[in-house]
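Here it is, the structure in full.
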Amino acid sequence: MESGRTVGHVSDLLVVADQAALAQEAAKRVVAIAEEAVARCGRFTVALAGGSTPKRLYSLLAAEPYCTRLPWRETHLFWGDERAVPPEHPDSNFGMARATLLSRVPIPANQVHRMQAERADLDAAASEYEAEIARTFAAQPPGEPPMFDLILLGLGPDGHTASLFPYTRALRETKRWVAHNYIPKLKANRLTLTTPILNRTATMLFLVSGGEKAAVLQAVLEGPPDPERLPAQLIRPVACRLVWLVDQAAASRLGEKVP
Ligand code: 6PG
């Protein structure tokens, strides 16, 4: 079952049956955006989400029919955020993408732009990732951020997205494109894209699955604005498509009275 509707400032909300349907719909959209970007400007730039929801999507993109259709030689992969661990660590977002996708597709190694979040100096790592974005897009930080063709995001049960966690410093970054963010409740450091660059993307695709996300999805989409508590509410791309692709379990509280 699919239903699409415009909800408040959200440009698109698409509800699909389950995780498998969500991954299939996301794969179709990724390929369509990639094909259009390459036809328009000769390359496709995308920032991947971490966490567990995108795993199915990445595995689909590494297999037929999607793998052949994706223009890997013209694709540049970035990450929306990364944990402060080496790429071999089980928590690494890059490691997850390497296992499910990168190790199985013919993308040129120099077009895979990994966040080096294992480094001791994460402020330097953030600056260098910003410089890598700038080189790829021939842009100049801290000027106007470049426009990704697509950014994939997830939604945490606490309303975080990328590594923009509630009440953390990176929420208030208005200039830098990449930030080192310390998450007190996790006692963990992260690297994350910030709202200036996130909100510049041409298409933002949120992937949200599971009943444990129902309450937070309702709060983010239908509750009062409270972006410090619900950082996903900061994602309001200025001139593009914002698509929430959610499964029925995650959407089960939408339209109910917000507590
Ligand atoms: C991360 C992600 C994070 C993730 C959400 C949802 O590094 O953890 O970037 O923002 O998208 O926490 O994670 P799940 O898909 O595992 O629910």
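Both ligands and their constituent atoms are indexed starting at 1 by order of listing.
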Quiz prompt | From Leu153, Leu191, Thr161, Thr192, residue fulfilling side chain to side chain contact (heavy atoms under 4.5 Å, CB included) relative to Asp81 | solution = Thr192
Quiz item: Does Glu82 reach the main-chain N or O of Asn93 with its side chain, forming a donor-acceptor pair under 3.5 Å?
Solution: yes
Quiz item: Cut-off 3.5 Å, side chains only: do Ser127 and Arg176 have a donor facing an acceptor?
Solution: yes
Quiz item: Measuring from each atom of ligand 1, which residues have a heavy atom under 4.0 Å away?
Solution: Gly50, Gly51, Ser52, Thr53, Asp81, Arg83, Asn93, Gly154, Leu155, Gly156, His160, Thr161, Ala162, Arg190, Lys213
Practice problem: Only pairs at least two apart or in different chains count here, so list each ring-ring contact (aromatic ring centres under 6.0 Å, His included) that has a residue in residues 20-47. | Solution: none
Quiz item: Distance-only, no hydrogens or angles: does the Asn181 side chain make a donor-acceptor pair with backbone N or O of Thr168 under 3.5 Å?
Solution: no
Exercise. Say whether, by atom type as modelled, one donor and one acceptor occur between the side chain of Glu173 and the main chain of Thr194 under 3.5 angstrom.
Key: no
